[in-house]
Amino acid sequence: YAPNANQDEKKSRLFDLYQPKDDHSAPRPLIIWMHGGGFKFGTKEAKGIQLWSKTFAQRGYVCAAINYSLSKKDPLFNFNELQKSCYYAVQDLKMAFEYFRQHRTEYNIDPDKIILAGNSAGGVIAMQAAYGTNAELAKMAGITDANENQQGVLKAACVINFWGAIFDLDWLKNAHVPIVSVLGNRDNIVPLTHKSAPLYGGVGIQKQADVLGIPNKLKVFDGYSHELQKHFNPLFSANKATQKRLLEAGQFAADFLYNSLFK
């Protein structure tokens, strides 16, 4: 999605496209999916991303699962590095967003219905891109070279936030994009709302969105942790029970999208 990327950047700018089979209907909504991994690990081929991309394509969406820039440092144990990593990942998402707008005819995309979606770090990227300006993100991360051509928020149609978060609830005043969030109430990786670090999860997002009149829905899986696992393990390959919960999260988001975009 970045044709001018150099050799070192190309791997970070690849995408996989999922479309309804033999589709000849009117332009479709696009979902841009972003994987988790703490801004250090992960790819567009993550099991959950493939699962959601395939099932949403079966529902009639075009889905683009994208790679984005990962940190060469240690964002998992350095919150400022995590914020910087998010800033650069958001820039990648903005490039992808513009790429798909420009290639909307080729991929049969409705440019007014582009949805930002992701799990964990991917959900964080989606929330920041929809609601945080470059200036705000750069200031938060201590970056002085904000992209002057991309100061505003992306004009997304909706955000699917699977166990992600936003850095500043005040940023929700910047736009009016519908948000659907899913999380486990025992998530000890991304807070449900606010703890010590400036990071607000799905519960905090819902409360502030309600105050601001932003359409939103929240589903909480009782007794489950990050990635809807019983006990979160980043090396864990989702078993059938976890996959069932991931599919349930997808169905919850699909119902919200239908009511937000088509009714």
Side-chain angles (χ1 to χ4, degrees), residues 1-16 32-50 53 64-100 116-151 153-154 161-168 171 187-191 195-201 226-227 232-237:
Y1 59 85
N4 296 325
N6 62 41
Q7 196 62 37
D8 291 337
E9 295 171 334
K10 283 184 178 179
K11 186 177 179 181
S12 299
R13 309 286 161 71
L14 298 175
F15 68 91
D16 292 333
I32 302 178
W33 286 98
M34 291 156 287
H35 64 83
F39 299 97
K40 181 69 175 178
F41 306 105
T43 74
K44 58 186 172 56
E45 292 146 8
K47 295 294 185 182
I49 294 297
Q50 290 189 27
S53 296
I66 70 169
N67 282 345
Y68 53 86
S69 302
L70 298 176
S71 177
K72 295 180 181 179
K73 297 183 180 179
D74 200 353
L76 299 175
F77 298 99
N78 184 322
F79 193 76
N80 183 249
E81 182 59 34
L82 185 146
Q83 291 173 313
K84 289 180 179 179
S85 301
C86 182
Y87 171 86
Y88 292 116
V90 168
Q91 307 317 304
D92 288 348
L93 173 56
K94 289 183 175 182
M95 280 191 284
F97 191 94
E98 185 57 30
Y99 172 86
F100 290 114
L116 310 181
N119 61 305
S120 195
V124 174
I125 297 166
M127 285 299 304
Q128 281 19 261
Y131 279 100
T133 67
N134 264 17
E136 289 167 331
L137 286 164
K139 183 178 180 181
M140 168 200 69
I143 295 172
T144 57
D145 59 341
N147 186 340
E148 295 295 335
N149 296 321
Q150 292 275 12
Q151 284 295 315
V153 298
L154 286 182
N161 170 38
F162 287 165
W163 38 101
I166 193 168
F167 289 114
D168 190 334
W171 295 353
D187 195 325
N188 59 356
I189 303 299
V190 176
K195 287 186 178 179
S196 56
L199 199 64
Y200 298 80
H226 202 58
E227 298 291 347
F232 176 62
N233 182 341
L235 302 178
F236 175 74
S237 181

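What's counted below: heavy atoms across the whole structure, side chains too, no hydrogens, waters or symmetry copies.
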Exercise for review: To the nearest 0.5 angstrom, please state how far the CD1 atom of I125 sits from the CG atom of N161.
Suggested key: 11.5 Å

**Study point:** Distance in Å, K73 NZ paired with N78 CG, rounded so as to fall on 0.5 Å steps
**Key:** 8.5 Å

Practice item. Measure across W171 and G132 and return the closest heavy-atom pair with its distance rounded to 0.1 Å. Key: CE3-CA, 3.8 Å

Review point. When N134 is tested against each of K94, Q128, K139 for side chain to side chain donor-acceptor pair (under 3.5 Å), which residue passes?
Key: K94

Revision key, fill the gap. Note: V153 and T133 closest approach over all heavy atoms is CG1-N, 4.0 Å

Study note, to complete from the structure: Heavy atoms of A121 and G38 approach each other most closely as CB-N, 3.9 Å

Check your understanding: Quick one: CG on D92 to OH on Y87, what's the gap to the nearest 0.5 Å?
Key -> 11.0 Å

**Study point:** Side chain proximity check, S69 to R13, heavy atoms < 4.5 angstrom
**Key:** yes

Point to revise | Nearest heavy-atom neighbours spanning A89 and F39 | key: CB-CE2, 4.1 Å

Point to revise | Atom pair NZ/CG of K195 and N188 - distance to nearest 0.5 Å | key: 7.0 Å

Study note, to complete from the structure: CH2 (W163) and CG (D187) are apart, to the nearest 0.5 Å, by 9.5 Å

Exercise for review: Report yes if some heavy atom in the side chain of I49 is under 4.5 Å from a heavy atom in the side chain of N119; otherwise report no.
Suggested key: yes

Point to revise | Close side-chain approach of F41 to L76, heavy-atom, < 4.5 Å | key: yes

Check your understanding: Parallel under 30°, tilted from 30 to 60°, perpendicular over 60°: which one fits the rings of Y68 and H35?
Key -> parallel

Practice item. Take I32 and F15 through the test side chain to side chain contact (heavy atoms under 4.5 Å, CB included) and record every step on the way to the result. Key: CA-CA 9 Å; I32 302 178; F15 68 91; over 6 Å; no

Review point. If you measure from the Lys or Arg side-chain nitrogens to the Asp or Glu carboxylate oxygens, is any gap between D74 and K40 under 4.0 Å?
Key: no

Practice item. Check K10 against A5 and note the closest heavy-atom contact, atom names and distance. Key: CE-O, 3.6 Å

Check your understanding: Are the side chain of Q50 and the backbone N or O of K47 linked by a donor-acceptor pair below 3.5 Å?
Key -> no

Exercise for review: Could you label the plane-to-plane angle of the F162 and W33 rings as parallel, tilted or perpendicular, counting under 30° as parallel and over 60° as perpendicular?
Suggested key: tilted

Review point. If you take all heavy atoms of N67 and K44, which pair is closest and at what distance?
Key: OD1-N, 2.8 Å

**Study point:** Test item: M140 and P198 side chains (from C-beta on) under 4.5 Å apart, heavy atoms
**Key:** no

Exercise for review: Could you tell me the separation between the CG atom of L82 and the CZ atom of F77, rounded to the nearest 0.5 Å?
Suggested key: 11.5 Å

